[in-house]
Amino acid sequence: MKFDLVTKDPLSKARAGTLTTDHGVIQTPIFMPVGTMGTVKGVHQRELKDDINPDIILGNTYHLYLRPQTEILEKAGGLHKFMNWDRPILTDSGGYQVYSLSANRKIKEEGVKFKSHIDGSYHFFSPESVMEIQRTIGADIIMAFDECTPYPCDYRYAKRSMHMTHRWLDRCITHLDKLPFKYGYSQAFFPIVQGSTYTDLRQQSAEYIANAGAVGNAIGGLSVGEPAEEMYAMTEVVTAILPEDKPRYLMGVGTPINILENIALGIDMFDCVMPTRNARNGMLFTANGSINIKNKKWEDDFSPIDEMGITFVDTEYTKAYLRHLFASNEYLGKQIATIHNLGFYMWLVREAREHIIAGDFYAWKEKMVKQMSQRL
Ligand SMILES: Cc1ccc(CCc2c3nc[nH]c3cc3c(=O)[nH]c(N)nc23)cc1
């Protein structure tokens with residue numbers, strides 16, 4: 001995998017880049033739609049390509065391991081073939097999902113024992129086993145097996161957990177070196193910085209991850225409920241240490257404003273469940289703030305969903321119609337809102353890229369942050 005930095009912004013640490021993988025090119029800054037179970041919920045792969053056009057989507061090791069299970073994915077020739085998506089895919093390693101989804105899990109040095117949220121059966125993830133699972137899923141970018149510390153968490157716990165994440169990282173790398181690619185294309189491996197919201201731990205973890213010399217690096221342990229200011233402060237500390245010539249992925253972030261602020265701090269890749277999850281709840285993001293389409297005030301508003309929207313739903317349907325679909329619990333409503341929100345997130349990061357290249361990103365960012373803070 002190759003990463004070329006196209007340009008840098010004079011007034012911030014924002015960068016525009018191009019990431020080349022065996023399944024295609026990724027223009028950064030990029031937003032990666034979450035496709036947990038091998039689908040971006042409610043959106044056909046054809047709509048995804050034609051109307052939202054993300055350079056890369058995310059899959060989930062935890063979910064795919066439990067269902068359809070790795071042997072099915074292997075028989076299919078990997079996740080790309082299974083879901084008929086021939087562009088890049090990134091999979092998370094499953095640690096975070098065990099911590100956030102499984103009722104009772106036991107984290108030990110060896111790995112994590114957990115109960116399936118589907119049928120209650122017991123399973124065990126280790127750095128070695130999730131490297132094998134991610135080889136079989138076949139994503140273009142795979143993540144290290146880490147422990148995402150909860151927020152808040154005390155210093156001692158954060159320190160112990162960070163050192164275990166570093167030992168797990170070494171085990172991932174050692175094991176990965178023994179596992180050939182399964183489907184004839186290469187897979188890039190990203191380690192993950194932890195350290196909770198403690199500056200000294202974040203610096204230690206960033207140094208350790210930078211020394212691993214991977215082709216890309218991720219920042220974990222954030223977007224777990226901490227105040228935005230703490231998220232920005234930790235991002236600043238870590239991006240000062242991570243190598244400039246490698247892509248930086250801030251996991252689980254975030255709102256449109258979080259994304260612009262973190263682009264200014266030198267982040268290149270983002271993922272978040274908000275555009276898809278909030279869409280299913282009738283919450284629409286726009287350049288002028290957010291809209292709760294279920295609100296009665298839209299029931300006779302026959303204006304387009306979003307005059308400045310970039311997807312077909314924005315101009316082909318009215319606010320009144322979309323509100324009606326939500327009021328009647330019609331699943332077309334969720335589909336329309338999902339396409340709108342993902343289209344808005346793609347527009348936002350593409351606009352950011354253009355302004356970084358034009359050299360006026362900082363002023364544009366300040367204007368957008370104000371504009372998007374409105375409640376419509
Ligand atoms: C499909 C998919 C869903 C979600 C993710 C990212 C999930 C995610 C976080 N989400 C919010 N904060 C997060 C922190 C971490 C983290 O520290 N480590 C890992 N491995 N994942 C995180 C990746 C892929």
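These values consider heavy atoms only, across backbone and side chains, with no hydrogens, waters or symmetry-generated copies. Remember, it's 1-based here, ligands and their atoms both numbered in the order they're listed.
In terms of protein heavy-atom proximity, atom 18 (N) of ligand 1 is nearest to D146 OD2, 2.7 Å. Regarding atom 15 (C) of ligand 1, its nearest protein heavy-atom neighbour is Y96 CD1, 3.6 Å. Here the heavy atom of the protein found nearest to atom 20 (N) of ligand 1 is D92 OD1, 2.7 Å.
Remark: ligand 1 atoms within the under-4.0 Å shell around heavy atoms of C148 are 14 (C), 16 (C), 17 (O). For ligand 1, the atoms closer than 4.0 angstrom to any heavy atom of G59 are 1 (C). Against a heavy-atom cut-off of under 4.0 Å, G221 is close to the following atoms of ligand 1: 14 (C), 16 (C), 17 (O).
In terms of N/O distances under 3.5 Å, ligand 1 is not approached by Y249. At least one N/O-N/O distance between L222 and ligand 1 falls below 3.5 Å.
Counting heavy atoms under 4.0 Å from ligand 1, residue T91 does not touch it at all.
The heavy atom nearest to atom 4 (C) of ligand 1, out of those in D271, I89, L250, T149, is found in D271.
Residue M251 places a heavy atom less than 4.0 Å from ligand 1.
Taking 4.0 Å as the cut-off between side-chain N and carboxylate O, E299 and K296 count as a salt-bridged pair. A salt bridge does not link K367 to D360: none of the charged nitrogens lies less than 4.0 Å from a carboxylate oxygen.
Atom CG of L11 and atom CD1 of I356 lie 12.0 Å apart (nearest 0.5 Å).
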